[in-house]
Amino acid sequence: MEGVLLDANENSFGCVIDAFDALELNRYPDPSHKTVREKLGGYLNVPYENLFIGVGSDEIIDLVVRIFCEPAVDSVMILDPTYGMYKVVCDINNVKTISVPLDHNYQIDFQKVEDSLEENTKVIFICSPNNPTANVINKDSVLELAQKTKRIIVIDEAYVDFAEEFSLTYEAVQLPNIIVLRTFSKIWGLAGVRCGYCITSKEIIGHLYKVKAPYNMNKLTSAVILKALDNVDKKEELKDKIIGQREFLLSELKKINGVIKVLPSQTNFILFEVKEPKDVYKKLTAKGIIIRDRSSQIPNSLRVSVGTENENIKFLEELRNVL
Ligand SMILES: *Cc1c(COP(=O)(O)O)cnc(C)c1O
């Protein structure tokens, strides 16, 4: 903003940290996120009018539930096992969740969806690649679901950069009821910054900008994101390293006696099965190796994130000891 700015009760003298003067932190940020949306749009090849920026994908999940669902009246469908945040957000907003199991291949079970869908079901969350099963949900089946149900379909693509294909970016711009959710928390290595975005119709973008907190994205975040978008090559480098380590972990895990099953992965984590998951989890934790116990969702399952080569070697070593 240019001119003599005396409208917002800001501190015209500057902020208390001289080193940050260039960022003009004494002034409120741009509520429309124009600069970041334009640059991000250029990177994604999506018009900026079809982009919304949130404080992590978590904020966008919350906004979508609040925009489309009337508390105590409407419901949200979740395809389990999946990311826990969808249900947490619904619970907090007093919106009922309908849990429909994915089929034995962790794909959409159309019969079960149809049987469980209620008139007041307003939103269906699909995570692809799915957390914690690490597989891609068939793209055509997602589109079929969108077309058949006419509900708002949120397709969470937090891990899409680790997958070989998939992304409904194009469809999210063209169709009225698809919201593609993305994040800077995973492949970009910016989980600490809290920045996610979505791609959807201009109409839904309009609702999101009306409902969000006015200054949800702060100037430090936008400075970091603009810088990140100048470093796409580095992101590709990280991707190659992570995928390389993922393939290493997959092949090593399969060799370990006591590992019953290793699921293929299109993400930066691996789901594997052991006989005594809680015991294995505890013993690894005692050794300082922290993974995730997913056995309440999928019997016998543990989830491990792909780490650096050293981290992965340590994890494998301790796992071999425990088993
Ligand atoms: C990690 C993750 C996210 C990222 O959430 P942020 O709030 O953007 O950090 C989103 N969806 C899924 C399924 C995830 O696993």
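This chain uses plain numbering: 1 for the first residue, then up along the sequence. Counting convention: from 1, in listed order, for ligands and their atoms alike. All heavy atoms count here, side chains included; hydrogens, waters and symmetry mates do not.
Using a 4.0 Å heavy-atom cutoff, S185 is listed among the residues neighbouring ligand 1. Under the 4.0 angstrom criterion for non-hydrogen atoms, M85 is not in contact with ligand 1. Residue-ligand proximity: A191 is placed with every non-hydrogen atom at 4.0 Å or more from ligand 1.
In terms of protein heavy-atom proximity, atom 11 (N) of ligand 1 is closest to D156 OD2, 2.7 Å. At the top of the distance list for atom 14 (C) of ligand 1, counting protein heavy atoms only, stands K186 NZ, 3.2 Å. Remark: minimum distance from atom 15 (O) of ligand 1 to any protein heavy atom is reached at Y159 OH, 2.6 Å. With hydrogens left out, the protein atom closest to atom 5 (O) of ligand 1 is S57 OG, 3.5 Å, a heavy atom. In terms of protein heavy-atom proximity, atom 7 (O) of ligand 1 is closest to R194 NH2, 2.6 Å.
One side chain, Y86 or D156, offers a donor N or O that lies under 3.5 Å from an acceptor on the other. Between S301 and S295, the side chains place no donor N or O within less than 3.5 Å of an acceptor N or O (distance only, hydrogens not considered).
Both tests hold for K148 against F110: distance to the six-membered ring centre under 6.0 Å, angle to the ring axis within 45°. Seen from the ring of F269, R303 counts as a face-on cation partner, given the 6.0 Å and 45° thresholds.
Ionic pairing of K278 and D293 is present here: one or more N-O contacts between side-chain nitrogen and carboxylate oxygen are shorter than 4.0 angstrom.
Listed by chain and number, the residues in a salt bridge (Lys or Arg N to Asp or Glu O under 4.0 Å) with K96 are E118 (sequence neighbours excluded).
Tested against W188 for a side chain to side chain contact (heavy atoms under 4.5 Å, CB included), the candidates V224, T183, V232 yield a single pass: V232.
Those atoms of ligand 1 with a heavy atom of C127 less than 4.0 angstrom away are 13 (C). Counting atoms of ligand 1 from 1 in the listed order, those under 4.0 Å from a heavy atom of A158 are 2 (C), 3 (C), 10 (C), 11 (N), 12 (C), 14 (C).
For ligand 1, the polar-atom distance check finds no N/O of Y86 at less than 3.5 Å from any of the ligand's N/O atoms.
Residue pairs meeting the side-chain hydrogen bond (donor to acceptor under 3.5 Å, both in side chains) criterion with at least one partner in residues 314-323, sequence neighbours excluded, are E252-R320.
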